[in-house]
Amino acid sequence: MIDITVKDLTKAFEVKKNILDGLSFQVQRGERVGILGKNGAGKTTLFRLLVGEISEDTGSISIASGARLGLISQIPRYPRGTTVEDVLRSAHSRIDRIRARMDELTEEMAASDEPGLLAEYDRLQESFERLGGYNTDVEVNRVANGLDIPAAMRAQLFDSLSGGEKTRVNLARLILEDTDILLLDEPTNHLDMRATEWLEDYLLHFKGTVLTISHDRWFLDAVVQRTIEIVHGKAVVYNGNYSFYVEEKQRRYEEQLRIWEKNQKEIAHLQEAADKLHLWAFMGNDKLHKRAFSMEKRIARLERAERPEKERQMKARFKERAFVGDEVLVIDGLGKSFGGRRLYGDLELLIEGGERVALIGDNGTGKSTLLKCVTGEETPDEGRLWLGPSVKSAYLPQLVTFEDPSRNLVDTMLYEAKCTPQEARDRLAAFGFMGEDVFKTVGVLSGGEQSRLRLCILMGGNVNFLMLDEPTNHLDLNSREWMEDALSDYREALLFVSHDRWFIERFATRIWELRDGKITDFRGTFTEYREYQKRQESLRQVEKQRQVKKGDTRPKRPPNRERQLARLEKEIEKAEERVKELEAAMEEHGSDYQKLMELTGEHAQAEAEVERLYGQWETLSEE
């Protein structure tokens, strides 16, 4: 069954310029669809049209009869004094009305034997149960906890929240409502990693239809079944998630390029033949003109096909400064409190040359504060930290500012990057600032454009320690990809805070997770860290099962069993370290085929040893 039909939709905000220009697509009930497109392509405009906030110029939109739509980007106004708890509970207003009427009927039935009252009560009770009326408290707590809306926030006035917190509460309200079609505009922007993963799991089990605009590629891969890209106001459909879209788009481009190049060869061949026919016709055979004209008509048809577009790739690269010495950053006994709350303490950490560290954790744990301690913006309460003597650092903050927003881009580059006018123009062009755009004032740029400009300035600074705070937050997909291309050639030390799992997986060789005031330091990729977490959780679960339950009269485990388990745990730790050492050696000898084959064999044996030891541990634990 079709939930949404969009046919030949057009919408313009400027004369003779359609942002949507013949947009057509359908969405089946229960589908999860990703809406992609460059900034300004019309994605949010489409959502506003779907909910009726604005009207289309031409074309039509059909929504399945009775389907209820919810749009996350819309934040309703609530009466003064409304708390977050009130907003969450408003999602169950229909259930509350049924409950109130049931209470009225209970009083009426006590005073009257009218049979119609009982029949109405039974109908309402059936609806009340079907809508989950007896589980509203459980659902509210489940969704609020999943989206990181703690009890303290639920007691606050809704108007006192930040924009991001309001968006999160509004998302929770939409989830709690009986909504058939969810329209999610950048739903993960104000969620930490844990809340994002909760939302992904919720959407995977959601029975309704989901359309989402997102720059979170991991989220798109996890949730989306089909992708619609808005290009020049029209819909281009890809039957898969983000990774499928990337591969299929490249395949289509290459196929279209092959066809275009074949056409060009055919045009050249036909033009040569037509010229000869015209020449021969002038030499006495007029009938050959007709055949030449026929060929030229065919050439005109072939020339209508335009060369397929390939999105411009960023060419800029970070300048790097030669690094001398091993220590980039040393953290010794560091502690910090904020607003009377201790964020972390007794941190002992070291970053060496070439390491790329992702600092992750839930919102509010102090990640950005720790990064600001490293940059010198914040002062630690305890301990100390220092950079190596040969370190030249650069920092891209989450909120970018410029000393003089009234300067244009070229003057800003000249002033801050200390480069020549031609170098400024060249570097700006490499970052997508071309033509008249370079004479815009910095103050009129979007947040993403300001981040791009700041990065452009940093890239010429000969840095060997780069720090980034949520670097992809304000960037669209294209900007994220070319930023990653620039970073991919950067080989010096990198420390970054991010919730972007795609970015973390691509760049991190080491994970610092900040939780409960402590940092878990894991040397490996993000995927390896998640696997490590799963193994640790498995060990914890087995340990729980191993504990003697209250009232259990079975014989106690012999003391030597505990010693065997402890010995196995140490062996497991050593075996896992051996696997890591071999992986590092494989990376180091990547160009030595013979050595790599030898290490690969050792790595396979080491992994098998880890699995064997885990098997022994689990068997011994269950006895």
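Side chains included, hydrogens not; waters and symmetry mates left out as well; all remaining heavy atoms used.
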Query - Partner set under side chain to side chain donor-acceptor pair (under 3.5 Å) for T83, not counting sequence neighbours - result: D86

Query - N-O pairing of R530 and E197 below 4.0 Å - result: yes

Requested in this report: Please confirm whether the backbone N or O of R515 pairs with a side-chain atom of K518, one donor and one acceptor, at under 3.5 Å?
Outcome: no

Query - Candidate pair R501 and E200, rule salt bridge (Lys or Arg N to Asp or Glu O under 4.0 Å), full reasoning - result: CA-CA 13 Å; R501 292 162 293 173; E200 288 170 355; 2.2 Å; yes

Query raised in the report: Thinking salt bridges, do E229 and K38 make one under a 4.0 Å N-O criterion?
Result: no

**Report entry** H499 side chain to N363 side chain, donor-acceptor N/O pair below 3.5 angstrom
**Finding:** yes

Report task. Taking the side chain as every heavy atom from C-beta outward, state whether I519 and L370 have any atom pair closer than 4.5 Å. Result -> yes

**Report entry** Partner residues of A417 under the side chain to side chain contact (heavy atoms under 4.5 Å, CB included) criterion, sequence neighbours left out
**Finding:** M413, C419, R427, I457

Query raised in the report: Can you find a heavy atom in the side chain of V33 that is under 4.5 Å from one in the side chain of T227?
Result: no

**Report entry** Side-chain touch N408/K440, heavy atoms, less than 4.5 angstrom
**Finding:** no

Query raised in the report: Are side-chain N/O atoms of T44 and D185 paired as donor and acceptor at under 3.5 Å?
Result: yes

Report task. Enumerate the residue pairs fulfilling salt bridge (Lys or Arg N to Asp or Glu O under 4.0 Å) with a member in residues 144-160, sequence neighbours excluded, ordered by first and then second residue. Result -> E85-R154, D148-R194

Query - Side chain proximity check, R523 to T509, heavy atoms < 4.5 angstrom - result: no

**Report entry** R142/E139 salt bridge by N-O under 4.0 Å criterion
**Finding:** yes

Query raised in the report: Can you check whether Y78's main-chain N or O pairs, donor with acceptor, with T82's side chain at less than 3.5 Å?
Result: no

Query raised in the report: Y344: what forms a ring-ring contact (aromatic ring centres under 6.0 Å, His included) with it, not counting sequence neighbours?
Result: none

Report summary line: Sorted by chain and number, sequence neighbours left out, side chain to side chain contact (heavy atoms under 4.5 Å, CB included) with Y532 holds for F522, Y529, R535, Q536

Report summary line: The reported gap from OG1 in T412 to CG in D404 (rounded to nearest 0.5 angstrom) is 7.5 Å

Query raised in the report: For the side chain of T525 and the backbone of E528, is there at least one donor-acceptor N/O pair under 3.5 Å apart?
Result: yes

Query raised in the report: On the ring face of F465, is K392 found with NZ or CZ under 6.0 Å from the centre and within 45° of the axis?
Result: no

Query raised in the report: Is there side-chain contact between L36 and L220, with heavy atoms separated by less than 4.5 Å?
Result: yes

Query - Distance, nearest 0.5 Å, that separates CG of L46 from CD1 of I213 - result: 7.0 Å

**Report entry** Test: R510 and D521 ion pair at under 4.0 Å
**Finding:** yes

Query raised in the report: Is the number of heavy atoms from other residues, nucleotides or ligands within 6.0 Å of NZ (K570) greater than 12?
Result: no

Requested in this report: Just jot down the ring-ring contact (aromatic ring centres under 6.0 Å, His included) partners of Y395, sequence neighbours excluded, or say none.
Outcome: none

Requested in this report: Using side chain to side chain contact (heavy atoms under 4.5 Å, CB included) as the criterion, list what pairs up with T45, not counting sequence neighbours.
Outcome: K11, F13, I19, L20, L49, I54

Query raised in the report: Looking at residues at least two apart in the chain, or sitting in another chain, which of them share a side chain to side chain contact (heavy atoms under 4.5 Å, CB included) with F206?
Result: L182, Y202, V210

**Report entry** Spatial distance of atom CZ (R217) from atom CD (E505) [nearest 0.5 Å]
**Finding:** 12.0 Å

Query raised in the report: Is there a donor-acceptor contact under 3.5 Å from the side chain of E355 to the main chain of E352?
Result: yes

Query raised in the report: So which heavy atom on L88 is nearest to which on A172, and how close?
Result: CD2-CB, 3.7 Å

Report task. With sequence neighbours excluded, give me every salt bridge (Lys or Arg N to Asp or Glu O under 4.0 Å) pair touching residues 447-459. Result -> E416-R454

Requested in this report: State which residues pass ring-ring contact (aromatic ring centres under 6.0 Å, His included) with W502; sequence neighbours excluded, sorted by chain then number.
Outcome: Y242

Query raised in the report: Sub-3.5 Å donor-acceptor pair from the side chain of E513 to the main-chain atoms of G361, do we have one?
Result: no

Query raised in the report: Got a second to check how far L414's CG is from R407's CZ, nearest 0.5 Å?
Result: 10.0 Å

Query raised in the report: Excluding sequence neighbours, so at least two apart, what forms side chain to side chain donor-acceptor pair (under 3.5 Å) with R168?
Result: none

Query - Side-chain ion pair, R480 and D500, N-O less than 4.0 Å - result: yes

Requested in this report: Can you spot which of W218, F507, W512 makes a ring pair (Phe, Tyr, Trp, His ring centres under 6.0 Å) with F526?
Outcome: W218

Query raised in the report: Can you name the nearest heavy-atom pair linking I149 to V169, along with the distance?
Result: CD1-CA, 3.9 Å

**Report entry** Rounded distance [0.5 Å steps], CG in L349 versus CG in L334
**Finding:** 8.5 Å

Report task. Can you sort out the partners of E403 under salt bridge (charged side-chain N to carboxylate O under 4.0 Å, His left out), two or more places apart, ordered by chain and number? Result -> none

Query - K367 side chain vs D362 backbone, donor-acceptor pair below 3.5 Å - result: yes

**Report entry** Electrostatic pair R173:E177 at N-O distance under 4.0 angstrom
**Finding:** yes

Query raised in the report: Heavy atoms, side chains only, cut-off 4.5 Å: are L343 and S337 in contact?
Result: no

Query - Residues K574 and E581 bridged, charged N to O under 4.0 Å - result: no

**Report entry** Side chain proximity check, F496 to E470, heavy atoms < 4.5 angstrom
**Finding:** no

Query raised in the report: What closest approach, in Å, do R425 and V410 show between heavy atoms, and which atom pair accounts for it?
Result: CD-CG2, 3.7 Å

Query raised in the report: Is the shortest heavy-atom distance from the side chain of L161 to the side chain of V84 under 4.5 Å?
Result: yes

Report summary line: d(E186 CD, F219 CZ) to nearest 0.5 Å is 9.5 Å

